[in-house]
Amino acid sequence: MRRIGPWLAAALVVLANGWIAVVGTLGGLVNHEVVAVLTERELPVVDRSATPGGGGALALQLRFREPPAGSVLDRATLERLGFDCGVPAADPRAERHYARQLPRPGYAVLAIEEAGAQPEESRLVVVDAGPDADALLRRHPPVSGHLVLPAIFAVSANGEEDVVGRVLRLARRELHVPARLASRLRAPSDRDVSGPARPRHDVVLGFGRDGGLRILDVRPSAPAGDTMTPAGDPGPEPGCAPAPDP
Amino acid sequence: MDERDRKAAQARARRVGEFRAELDALAGEGVLELPAEEGARVRAHHDRLLAELQERFDVDVSEAQRRFSWGMRIVATLGSAALAAAVYLFFDRIWGSLATAAQVGLLTAAPVAAVAAMEWTSRRERTYWFTGLFGALAFACAVVDLNVLGMTFDLQSTPLAFVVWAAFALSLAYAYGLRSLLAAGLVCAGIGAPGLVAKLSGVDWQSATQRAELWLLPAAATFAWPFVVRHRAHVHFPAVYRLTGAVAAFAAVFLLAHWGRDSFLPFGRETVEALYAYGGLVAAAGVVALGVRRDLRESVYAGTGFFAVFLYDRMFDWWWDRMPRYLFFLVVGAVAVALLLLLTRLRLRAVRGAR
């Protein structure tokens, strides 16, 4: 090739892919100290195929419930996340003041709470938040079964209420299903067209070195269905729990 | 091949065609008829010239060829879209059964192979129809590549991906003089650069790039770039810069004129929306004036189009609820007639200036 442009373009692709492969592989090396088992209520299957039923990749979408307004994301937490909460919510300038503020990244702590969850709804609920993952991990150690995940937070003011914070989204909303596990999720089930009759799989999760969740295993749900169990123990004990090193 | 030479060759071929047509018309009207010997010499010279221009630059020497060229442009665009869809759907079909290493290998090979195909075809054609087609395919593969790899390794989204796509598209655009890749690269750069600034500032970059006010600076910079940097080798590129910048800036202004709540300006929502609504009108008129003065066709088109959009938007805002519908459309029609009269006068003035 006589031109430099095509060489540059090809080198960019190779370098970018190499960088992603290295960072992704190293970051994805799972630290087995923390493992949580969640069901289809929290991790429904997302088929990434362009055509329904195609042979494309599968992913699991991490679903959670927002905490009641002001309970977790109070003014102090929002200020720790970097928001300027200096204008009272009742102030006429409040709507514009908070609308101008862009959402900010931080960390959300998720835990399983059965109370208040509808039968098909995720039991994962946000119980704490902050800008520092290490501080949150000290407050909610992995052995307590909490998940500390990077998330994006937003702030707003609605009339007389106090300043309202919310988790806009998790930074990683979908978890890639490795090819070796995908077949278990594709297997025929008792699912009907209107949705799952009952959760049909449990997913064992682990934290990667980059702090992100990774899928370790997928197995059929216990007959009781929506139970949370420690990895390696298919019993019906509820809760998000650490697992022994496999 | 230098783009300037090809543009000059196309202009010469067009002038020859017009000269011949005018000479025939003058002969028919009995005004001028070249002596047979001189006429034959001129015709033979032009025949040789056109043959040489076609041989060297593959220029269109007739109206029929020009129409074919437009048809080929459309076919090339559709073809590149279809090829990109074919590659994507093929990968999609086999993706779930591939190991991660094979996925990385395939994703890397696809854009590199398309770039190699660009280079191969560029050495065998003078007008780069197939090179452009493979260029669009290479860009589509590069976009799919980083997206799918990021998902496969569960990585967080990053504005760096847009920077990589911009660099990829711009390096190919400048290597082969491809305008569509230039536009794609500019759009990616316009998202990636403010996204990086937002990320470094500690805010969510995706939310930042959805705020129309943050498009304004990159759009203005894109519009102004060809006034600062001359494109001697790529004479068509300045128009792409100006058009991309103008469309992005006017689209941002239009959005802010309707959703001023998201503005960073320290004013109330109504004030912000009014500022952008009237500012858009003034800016569009300014771009038209600049385009007329500097003979920038694309600026005149973009400015006129958005001036009409902003004006009709204002009229809708002022009168839609206050007037009977028939009267509203009558007023809109009357304004269109007034605009047409104004543009006709401007056009006449431009024609007189040219004379």
Heavy-atom proximity to chain A below 4.5 Å, by part of Leu98(B):
backbone
With side chains defined as the heavy atoms from C-beta onward, is the minimum distance between Leu168(A) and Ser207(B) less than 4.5 Å?
yes
N-O pairing of Asp204(B) and Arg169(A) below 4.0 Å:
yes
Is it the side chain or the backbone of Pro150(A) that comes within 4.5 Å of chain B heavy atoms, both, or neither?
side chain
Interface check, chain A: of Ser157(B), Gly202(B), Ala208(B), Ala167(B), most non-hydrogen pairs under 4.5 Å belong to Gly202(B)
In terms of heavy-atom pairs under 4.5 Å with chain A, the winner among Tyr88(B), Trp205(B), Phe267(B) is Phe267(B)
Considering all heavy atoms, the nearest Ala16(A)-Val164(B) contact
CB-CG1, 4.3 Å
Measure distances from Val148(B) to the heavy atoms of chain A and classify the residue's part below 4.5 Å as side chain, backbone, both or neither.
neither
Smallest separation among heavy atoms of Arg3(A) and Tyr176(B), with atom names:
NH1-CE2, 3.3 Å
Tell me, out of Val203(B), Leu107(B), Leu172(B), Leu146(B), who's got the most heavy-atom pairs with chain A below 4.5 Å.
Val203(B)
Quick check: does any side chain N or O of Arg96(A) sit under 3.5 Å from a backbone N or O of Pro266(B), one acting as donor and the other as acceptor?
no
Is any side-chain heavy atom of Ser171(B) closer than 4.5 Å to one of Trp7(A)?
no
Show the nearest heavy-atom pair for residues Val13(A) and Phe168(B), with the distance to one decimal.
CG2-CE1, 3.5 Å
In Å and rounded to the nearest 0.5 Å, what is the CD to CG distance from Gln103(B) to Asn17(A)?
12.0 Å
Between NE2 on residue His176(A) and CG on residue Asp154(B), distance to nearest 0.5 Å:
7.0 Å
Count the heavy-atom pairs under 4.5 Å between each of Phe264(B), Trp120(B), Tyr174(B) and chain A, then report the option with the highest count.
Phe264(B)
Can you tell me how far CD1 of Ile20(A) sits from CG of Asp145(B), rounded to the nearest 0.5 angstrom?
7.0 Å
Hey, could you give me the CZ/CZ distance between Arg100(A) and Arg211(B), rounded to the nearest 0.5 Å?
10.0 Å
Report the option among Met118(B), Glu213(B), Gln206(B) that has the most heavy-atom pairs separated by less than 4.5 Å from atoms of chain A.
Gln206(B)
Quick check: are there more than 12 heavy atoms from other residues, nucleotides or ligands sitting under 6.0 Å from CZ of Arg93(A)?
no
Is it the case that more than 12 heavy atoms not belonging to Arg124(B) sit under 6.0 Å from its CZ atom?
yes
Arg104(A) to Ser201(B) - nearest heavy-atom pair and separation:
NH2-O, 4.2 Å
Distance in Å, Gln210(B) CD paired with Leu102(A) CG, rounded so as to fall on 0.5 Å steps
10.0 Å
Within the supplied structure, the quantity of interest is the number of heavy atoms (other residues, nucleotides, ligands) at a distance under 6.0 Å from Trp225(B) CH2; does it exceed 12?
no
State whether the number of non-hydrogen atoms from other residues, nucleotides or ligands found under 6.0 Å of Arg75(A) atom CZ is greater than 12.
yes
Test: Glu95(A) and Arg269(B) ion pair at under 4.0 Å:
no
